Visitor: 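One structure, pasted below without further comment.
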There are 2 protein chains.
Amino acid sequence: MKGKQKAIIEAKANVLKALGHPTRLWMAEQLQHGEKCVCELAEFIDADFSTISKHLSVLKQAGVVTDEKRGKQVYYKLRVPCIIKYMSCVEAVIKAHAEEQTDLL
Amino acid sequence: MKGKQKAIIEAKANVLKALGHPTRLWMAEQLQHGEKCVCELAEFIDADFSTISKHLSVLKQAGVVTDEKRGKQVYYKLRVPCIIKYMSCVEAVIKAHAEEQTDLL
DNA sequence: TGGATATATGGTAAAACGACCAAATGAATT
DNA sequence: AATTCATTTGGTCGTTTTACCATATATCCA
């Protein structure tokens with residue numbers, strides 16, 4: 001694989017990897033209808049604030065979200081909202097997979 | 001978050017995580033137009049056969065691909081092809097992200 | 001200015017991951 | 001039945017991830 005192709009696929013994998021954690025995926029889904037501040041997200045996540053902050057940082061580094069500080073709070077939003085629309089397809093995967101496993105019983 | 005919602009989001013994150021590795025993403029992309037056997041994929045990957053096999057196993061466990069043994073060979077295919085169509089959106093993310101970083105210079 | 005609030009950063013330990021090697025399996029060929 | 005080919009599995013080890021705690025930073029309010 002050539003250098004550029006390789007770089008592209010690595011960048012794409014990085015985006016998917018960033019979304020590949022339950023907490024981060026949940027956060028991204030919460031942002032699909034608009035920005036939220038950290039505290040709004042944190043309200044529903046049972047983890048240390050520092051953990052939440054680091055997850056958001058991973059999403060940001062991958063380019064999935066952008067952040068903006070306003071007053072005391074930092075607001076995050078999806079850079080490209082389609083990233084979450086895709087979830088319907090991901091759901092199709094797990095549904096098909098689950099059905100197959102159920103059929104085994 | 002309730003048990004079922006939690007399980008769903010974990011399964012979805014698992015799918016994204018499975019695709020969140022350059023080698024595995026590349027493999028999935030190779031399968032977008034139909035099945036391939038392990039040896040066909042391996043031909044272009046510079047890694048041990050056992051490594052390749054384990055990557056395929058991760059994709060399979062996540063439900064992204066299914067496998068079928070025919071003769072001496074094992075053929076893999078995407079369970080739900082849309083999983084790769086989504087990549088255009090992932091690309092939009094990295095493009096937007098890259099542009100922003102370039103603007104900083 | 002001092003204190004409270006919101007968020008980020010550094011350190012650390014446990015767990016998960018990824019790559020390799022060696023060995024096992026399973027199907028086809030001799 | 002023995003050998004070969006395609007793939008998987010088990011073991012090991014260095015690297016990365018994740019979660020927590022403690023501490024820092026930045027903004028607002030009194």
Side-chain angles (χ1 to χ4, degrees), chain A residues 1 6 9-28 30-31 34-78, chain B residues 1 6-7 9-31 34-78:
Chain A
M1 187 145 38
K6 194 173 169 226
I9 210 144
E10 278 170 1
K12 287 194 282 187
N14 207 40
V15 169
L16 294 167
K17 186 172 159 190
L19 290 167
H21 183 288
T23 302
R24 291 194 294 264
L25 179 55
W26 182 86
M27 286 168 154
Q30 297 311 301
L31 299 179
E35 65 179 20
K36 291 215 184 311
C37 73
V38 180
C39 55
E40 287 174 297
L41 295 169
E43 193 175 336
F44 299 97
I45 303 174
D46 182 25
D48 198 272
F49 241 85
S50 65
T51 301
I52 292 170
S53 183
K54 273 172 189 170
H55 278 310
L56 285 165
S57 161
V58 170
L59 289 172
K60 184 178 160 188
Q61 293 248 352
V64 177
V65 302
T66 58
D67 64 337
E68 184 186 336
K69 182 157 195 169
R70 289 208 298 280
K72 264 190 287 193
Q73 288 154 35
V74 178
Y75 288 84
Y76 282 85
K77 69 178 172 194
L78 293 180
Chain B
M1 188 145 37
K6 193 171 170 231
I9 209 144
E10 279 171 1
K12 287 194 284 187
N14 208 40
V15 168
L16 294 167
K17 187 173 161 188
L19 290 167
H21 183 287
T23 302
R24 292 195 294 262
L25 180 55
W26 182 87
M27 287 168 153
E29 287 185 349
Q30 297 312 300
L31 298 178
E35 64 179 19
K36 291 215 185 311
C37 72
V38 180
C39 54
E40 287 174 298
L41 295 169
E43 194 174 336
F44 300 97
I45 303 175
D46 182 25
D48 198 272
F49 242 84
S50 64
T51 302
I52 292 169
S53 183
K54 275 172 188 170
H55 278 311
L56 285 165
S57 160
V58 171
L59 288 172
K60 184 179 159 188
Q61 294 246 351
V64 176
V65 302
T66 58
D67 64 338
E68 184 186 336
K69 183 158 195 169
R70 288 207 299 279
K72 266 191 285 194
Q73 287 153 36
V74 178
Y75 289 84
Y76 282 83
K77 69 178 174 195
L78 292 181

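Here is how names work: the chains are called A, B, and so on, in the same order as the sequence lines, proteins then strands, and each is numbered from 1. Just so you know, these numbers come straight off a predicted model, no measurement behind them.
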Visitor: So, for B:Leu56 and B:Val65, which heavy atoms are closest and what is the spacing to 0.1 Å?
Guide: O-CG2, 4.2 Å
Visitor: How many Å lie between CD on B:Glu68 and C1' on D:dT7, as a whole number?
Guide: 15 Å
Visitor: Using chain B heavy atoms and a threshold of under 4.0 Å, write down where along DNA chain C the contacts begin and end, 5' to 3'.
Guide: C:dC17 to C:dA28
Visitor: Test of understanding: with side chain to side chain contact (heavy atoms under 4.5 Å, CB included), list the residues that count as partners of B:Val58, not counting sequence neighbours.
Guide: B:Ala18, B:Arg24
Visitor: Base, sugar-phosphate, or nothing for A:Tyr76, non-hydrogen atoms under 4.0 angstrom?
Guide: sugar-phosphate
Visitor: A:Lys36: what forms a side-chain hydrogen bond (donor to acceptor under 3.5 Å, both in side chains) with it, not counting sequence neighbours?
Guide: none
Visitor: State which residues pass side-chain hydrogen bond (donor to acceptor under 3.5 Å, both in side chains) with A:Lys72; sequence neighbours excluded, sorted by chain then number.
Guide: none
Visitor: How would you list, by chain and number, every residue that makes a side-chain hydrogen bond (donor to acceptor under 3.5 Å, both in side chains) with B:Glu10, sequence neighbours excluded?
Guide: none
Visitor: When all nucleic acid strands are considered with a 4.0 Å heavy-atom cut-off, which category describes B:Lys17: base, sugar-phosphate, or nothing?
Guide: sugar-phosphate
Visitor: Output side-chain donor-acceptor pairs under 3.5 Å for residues 39-47 of chain B, partner residues at least two apart or in another chain, one line each.
Guide:
{"residue": "B:Glu40", "atom": "OE1", "partner": "B:Cys37", "partner atom": "N", "Å": "2.8"}

Visitor: Take the protein atom NZ of B:Lys36 and the nucleotide atom P of D:dT7, then report the distance between them rounded to whole Å.
Guide: 13 Å
Visitor: Suppose we screen for salt bridge (charged side-chain N to carboxylate O under 4.0 Å, His left out). Which residues come up paired with B:Asp67, at least two apart in sequence or across chains?
Guide: B:Lys60
Visitor: Just to verify, what does B:Thr51 make a side-chain hydrogen bond (donor to acceptor under 3.5 Å, both in side chains) with, not counting sequence neighbours?
Guide: none
Visitor: Residues in side chain to side chain contact (heavy atoms under 4.5 Å, CB included) with B:Lys77, at least two apart?
Guide: B:Glu35, B:Thr66
Visitor: Nucleotide by nucleotide, 5' to 3', does protein get under 4.0 Å of the base (B), only the sugar-phosphate (S), or neither (-) in nucleotides 23-30 of chain D, counting heavy atoms?
Guide: ---SBS--
Visitor: Please give me every residue in residues 45-56 of chain B whose heavy atoms get under 4.0 Å of an atom in DNA chain D, ordered by residue number.
Guide: B:Phe49, B:Ser50, B:Ser53, B:Lys54
Visitor: Take B:Val15 and A:Leu16 through the test side-chain contact (heavy atoms from CB on, under 4.5 Å) and record every step on the way to the result.
Guide: CA-CA 9 Å; B:Val15 168; A:Leu16 294 167; over 6 Å; no
Visitor: Kindly determine whether B:Asn14 and B:Gln61 satisfy side-chain contact (heavy atoms from CB on, under 4.5 Å), including the steps that lead there.
Guide: CA-CA 9 Å; B:Asn14 208 40; B:Gln61 294 246 351; 5.8 Å; no
Visitor: To the nearest Å, give me how far apart CD (B:Glu43) and C1' (D:dA6) are.
Guide: 14 Å
